[in-house]
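A quick write-up on the structure given underneath.
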Amino acid sequence: METKQKGSPFSQLPKEKKKRILQAAIEVFAQNDYKHASTDEIASRAGISKGLLFYYFHDKKTLYFYLGEYLKRMIENHLKKEVLMGIDDFFDLLDYGIEGKLKLFEKMPWVLEFSVRMYYNTEKDISPVTKKYIVSMTNQMYDLYFSHVDTSRFREGVSPREVLQTLIFLTDGYLHWQLMSGGKIELKPLMQEYARWKQMMIGYAYKEEYQR
């Protein structure tokens with residue numbers, strides 16, 4: 001996925017102007033599916049012309065995938081790697097990562113909605129690339145942040161990777177249903193649901209002496 005803008009005209013812009021353009025794009029893509037997200041509206045919200053927007057990003061697709069990489073980098077920078085690597089309990093590690101993401105979501109409106117729409121995109125010209133990107137990103141994140149967890153706490157035959165994947169399925173399914181139902185995604189009820197799913201998975205995955 002070609003997303004790098006290093007050395008491009010966009011990379012040379014002042015920080016605040018870049019932030020304004022990206023925030024405008026996130027908002028429009030979060031409120032609309034990819035096909036109906038208007039580049040005219042993105043440009044208008046950013047306070048630039050549509051021609052200038054395409055000068056920076058060439059086309060809508062390039063901008064869309066750049067946003068995905070931009071948010072990925074923001075999440076990585078928001079979490080302290082030294083803290084992550086110091087947590088060896090699987091579920092404590094999940095909690096730390098989620099708390100960090102929530103703080104980012106609260107600071108940046110529309111990020112969560114944008115992410116869900118991107119992950120469940122069905123547009124034929126970008127969906128295959130999006131799916132490959134998400135699978136690759138999930139694998140990279142697991143290898144990077146979960147390789148050091150203490151697996152001795154797990155019951156015999158239970159895979160930490162499968163436990164994580166199950167929690168991802170549950171969370172993504174909940175978010176997708178909320179989006180398809182036309183409702184706004186609210187973090188508080190989502191976290192209430194996650195707390196129940198996590199406790200269920202602790203009961204399934206951990207040995208009795210490590211139950212909470």
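- Between the side chains of Thr62 and Asp59, at least one donor-acceptor pair of N or O atoms lies under 3.5 Å.
- More than 12 heavy atoms of other residues, nucleotides or ligands shown are found within 6.0 angstrom of NZ on Lys18.
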Evaluate the criterion side chain to side chain donor-acceptor pair (under 3.5 Å) for residue pair Gln140 and Ser136; output intermediate values, then yes/no.
CA-CA 6 Å; Gln140 289 174 16; Ser136 175; 3.1 Å; yes
Could you go step by step and tell me if Tyr174 and Tyr194 meet the ring pair (Phe, Tyr, Trp, His ring centres under 6.0 Å) rule?
CA-CA 10 Å; Tyr174 174 88; Tyr194 170 75; over 10 Å; no
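- Between Arg45 and Glu41, at least one side-chain N (NZ, or NE/NH1/NH2) sits under 4.0 Å from a carboxylate O, which counts as a salt bridge.
- Heavy atoms from other residues, nucleotides or ligands lying under 6.0 Å from CD of Glu208 number 12 at most.
- Remark: Lys60 qualifies as a cation-pi partner of Tyr34 under the 6.0 Å distance and 45° angle criteria applied to the six-membered ring.
- In this structure, the ring of Tyr64 has its center less than 6.0 angstrom from the ring center of Phe114.
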Tell me, with the steps shown, if Arg117 and Asp33 meet salt bridge (charged side-chain N to carboxylate O under 4.0 Å, His left out).
CA-CA 7 Å; Arg117 285 191 183 278; Asp33 57 43; 5.7 Å; no
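- Below 30°, between 30° and 60°, or above 60°: for Tyr206 and Tyr210 the angle between ring planes is above 60°, a perpendicular geometry.
- Scored by the salt bridge (charged side-chain N to carboxylate O under 4.0 Å, His left out) test, Asp40 finds Lys50 as partners (sequence neighbours excluded).
- Among residues two or more places apart in sequence or in another chain, the ring-ring contact (aromatic ring centres under 6.0 Å, His included) test is passed with Phe90 by Phe146, Phe154.
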